[in-house]
Structures are given as C-alpha cells and as structure tokens.
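Report on the structure given below.
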Amino acid sequence: MNYTRMSNEELIREKQALQNSYNEILGAKLSLDMSRGKPEKLQLDLSKEMLTVIDGNEACFSENGTDCRNYGIVDGIGEAKKLFGDILGVSPDNVIVGGNSSLNLMFDHLSRCMLFGVPGGNGPWCKNSKNKFLCPVPGYDRHFAVCETLGIEMINVPMTQNGPDMDIVEELVKDPDVRGIWCVPKFSNPDGTVYSDDTVRRFAKLEPASPDFIIMWDNAYCIHEIYEEEHPLLNIIDECAKAGNPDRAYVFTSTSKVTFPGAGVAAVASSVSNIKNILNVMKFQTIGHDKLNMLRHIKYFGNADGMRAYMKKHAEIMRPKFDMVLDTLSANLNDSGIATWSNPRGGYFVSLDVLEGCAKRTAKLCADAGVVLTGAGATFPYGIDPRDTNIRIAPSFASLADLETAMKVLCICAKLAAVEKLIKE
Ligand SMILES: Cc1ncc(COP(=O)(O)O)c(C=O)c1O
C-alpha cells in the first residue's frame, strides 16, 4: 500500500485505522527504551570470567615484569599495544592504550588541537577566528557534541553507500578553515556503512587547504560483524603513508562493545611521530591508565584472533535482533512509499528514514506511547536534521520480545505521522 499514491479519502480512512491501532497501544502503557546503543545484560555476562583472571599478586605482572598495580607506562603495557595494533593493522609503536573510553581519547585529541595545534600546522586552533569540521550525516551525536563544546563549526556531508560523498569532501576541504572530518569507517553509526577502498584512498590523497587537516577515524565497530561474511576495511594509516600524508589520520577504537562499555579498554593509533606528540602532553595528564584492566583483557583473550573469535558470541545475540528490526520494517513499510532503511551487516544501529518532515512527529508519537527512541535530529550536527527524516534504531539493549513490540509501534507511528502530513498537503 503506497501512501503517497492514495486519494485524500483513502488517507482519511487509513488515518482512522492507524489511530485505532495507536489508541490500543496507548492502552498497553508500554515502557521501552531503544535510545542508546548499549549491550544488553546477556552480552555483559559473556565476559564475566574476565573479572577473575587476575587471581592473586603474581598475576598482576605484565610480560616484561611490570607490576600493573603501580604507577607508570603512559602508553600502555606492551602486550595491550600489540593486541590493539593487531586489531587495527598497525605496529605496537603506532598505538597508545588508554582508559576505558575512546570518546575520551577523541575529546582529548581535539582539545590538544585547540590548545597546541597539530604538528606541521598553523598553531593552536583556538587562536583561529574560525575552525570548521566536516561531519558525515547521519552520524554519531557525541562526535557532534565534542565539536559543539569546543566551538568548532560543523558542516554536513551526505553519506553514500560507500562512505561520505567524496566529491563533496574534496570540494569542502578547499576551505582553509576546514580542519578535519569525523569518520566511522566500518558499520557507521547509524547506517552501518562500510567505507569502500576507493573512499579510503581518496581520504588519504585529499588535498586540503589547511595544513592542520586531520581525519578522526573512529573505528568503534572494527570487529563487530553480525552475519557470517567479513567486511575488510582498507588501512587508513597505511594509505595515508603511501599517499605522502603519514600524519593525517588518528584511529580510535575500544572494547566497550567487546567486554564492558563501563570498564573496557580504549586505544588511539597514528603515525609514530603523532604518537610521540600525543604522549608529550598525555604524560602530564596521567601517570598511567588502568594497566590491570589491560592485563585482564590480555589474559582473557590471549590475542587479537581470540578477541575476533569471541565476537561471534555477541553476533549470536545481536543477529536475531537485527533480523527482527529488518523483518518488521519490511513487513510493515515495504512499498509504503514513506520509509527507507539501512541494511547493516554489523555494528549497533539501523538507520530509518521516514517521510520528509515526519521524524520528530514519529519519535513524539512513539514517546507518548512509551517507546523511547534516540531523539529525532540527534544524528545531525546541532540536533538539526534539515529534512526531519532520520531516526536511529538501537536494537541491542531491549529483549527480543520488547524489540518486536517497539518496532511494531514505531512502524504504526511512522505511518500515522506520514498520513497526517499527506492529508495536510
Ligand atoms: C561510533 C562510536 N564511537 C564511539 C563510541 C563510544 O566509544 P567508547 O565507549 O569507547 O567511548 C560509540 C558508542 O556508541 C560509537 O557508536
């Protein structure tokens, strides 16, 4: 049933039917939360044994004999640097292992840029009259919040099936105020896109007007396949080096969605010279991050292959949820003419585009019915979705049964909002 081809009378009849279904939902007094990409308890329970792998004084030492209970080693213990290096395809020398949050490392990095500038650049960004950052949209709201907090102006860049629209990126970097870009290159948040080889190479070869230009490559979902097939991503650090721009990319990741979001381990990787520069400041921020937690992760996983293999357990839990979301969208909105959605093969989100001008109304109808979604607009800088169309679905936290209910409610609300708009038109 294509809503966009219905007559006004048909729309009015359909609206009444949808309103009846919606009233029934209101009566059910639901309370369901699909707002954030948090693992559910079952996923957290998967790594409970990691909490007991350090079972005595002798177990607190790293391979080279460092007592991990004590101060020191700002860049992380060697075996943790190797683990993250292997995951990201770089040498341990290219890695700093930090605390529990990669977002924290990203915030710190842009703060350093503001205060001190980047090597080879034009000095502290805070002295510039303007700093701009490119933001592929839809994207991750917390990236945008970092820029907003630091006073960095954001410019939307549309996403394509292969990553950000590189024709537009290549144009925009001619502006000397553009200092960088956010990228979530694998299973992007929210649409699950994996950047193509061509996109990665074009990033490495970009010719920005600003010598400060950096790429914030947030590889949060680098090993988060949900289905069987692998999704290799070209190595941005290698490609930048090949293109003669070895210091351009900063790569971030963490085990937030491998072990515990509240108690995982995060890392940043870049050229050796960038790593040295980061450490020159970081060594005054901390005498060392939590090395016992690094050790716990090493003892639990053994190595990168151990961690990759373990991700299959998460996939087993996530797959039925993604299937449920995608099947419910297809069953209810296929051929409706009022919605399109992504088909992610990994990561944490599904991106739904409802009829233009209807995302806020859809989210409001859902909220009134007790189903909380990520706020409409959140996937765009400043919370402004210019077409008011995008809704991020986060299937992980809810149980399968709750997810089924929430998705049915979402589909009814998306249709009701669309019909209301079409009748007005
Ligand atoms: C793209 C992306 N980056 C970073 C994070 C947060 O990472 P961390 O927990 O390591 O700070 C998230 C969490 O949802 C995310 O989606």
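We count ligands from 1, going down the list as the structure has it; atoms in each ligand are counted the same way. In this text, all values refer to a predicted model and were calculated from it rather than measured experimentally. In this chain, numbering begins with 1 at the start of the sequence shown.
- Nearest to atom 15 (C) of ligand 1 by heavy atom, out of W182, Y348, Y221, F107, is Y221.
- Under a 4.0 Å criterion applied to the non-hydrogen atoms of S254, ligand 1 contributes the atoms 8 (P), 10 (O).
- Checking only distances, N100 never comes within under 3.5 Å of ligand 1, N or O to N or O.
- Set against the non-hydrogen atoms of A220, the atoms of ligand 1 under 4.0 Å away are 1 (C), 2 (C), 3 (N).
- Compare G98, S102, G99, S396 by their heavy atoms: the one nearest to atom 8 (P) of ligand 1 is in S102.
- Relative orientation of the W125 and F133 rings is tilted, given thresholds of 30° and 60° on the angle between their planes.
- Of the candidates T253, N104, L103, D218, the one placing a heavy atom closest to atom 4 (C) of ligand 1 is D218.
- A donor-acceptor contact shorter than 3.5 Å links the side chain of N245 to the backbone of A204.
- With a 4.0 Å heavy-atom cut-off, ligand 1 is reached by the backbone of S101 and by its side chain too.
- To the nearest 0.5 angstrom, L373 atom CG is 8.5 Å from S35 atom OG.
- For atom 14 (O) of ligand 1, the nearest non-hydrogen atom from the set M106, R36, H224, K257 belongs to K257.
- Residue contact check: S256 has heavy atoms under 4.0 Å from atoms 8 (P), 9 (O), 10 (O) of ligand 1.
- Remark: R36 engages D141 in a salt bridge, criterion side-chain N to carboxylate O under 4.0 Å.
- At the shortest separation from atom 12 (C) of ligand 1 among protein heavy atoms lies Y140 OH, 3.2 Å.
- In this structure, H297 has no ring pair (Phe, Tyr, Trp, His ring centres under 6.0 Å) partners at least two apart in sequence or on a different chain.
- Aromatic ring orientation, F252 versus H109: tilted (interplanar angle from 30° to 60°).
- Seen from the ring of Y221, K186 does not count as a face-on cation partner, given the 6.0 Å and 45° thresholds.
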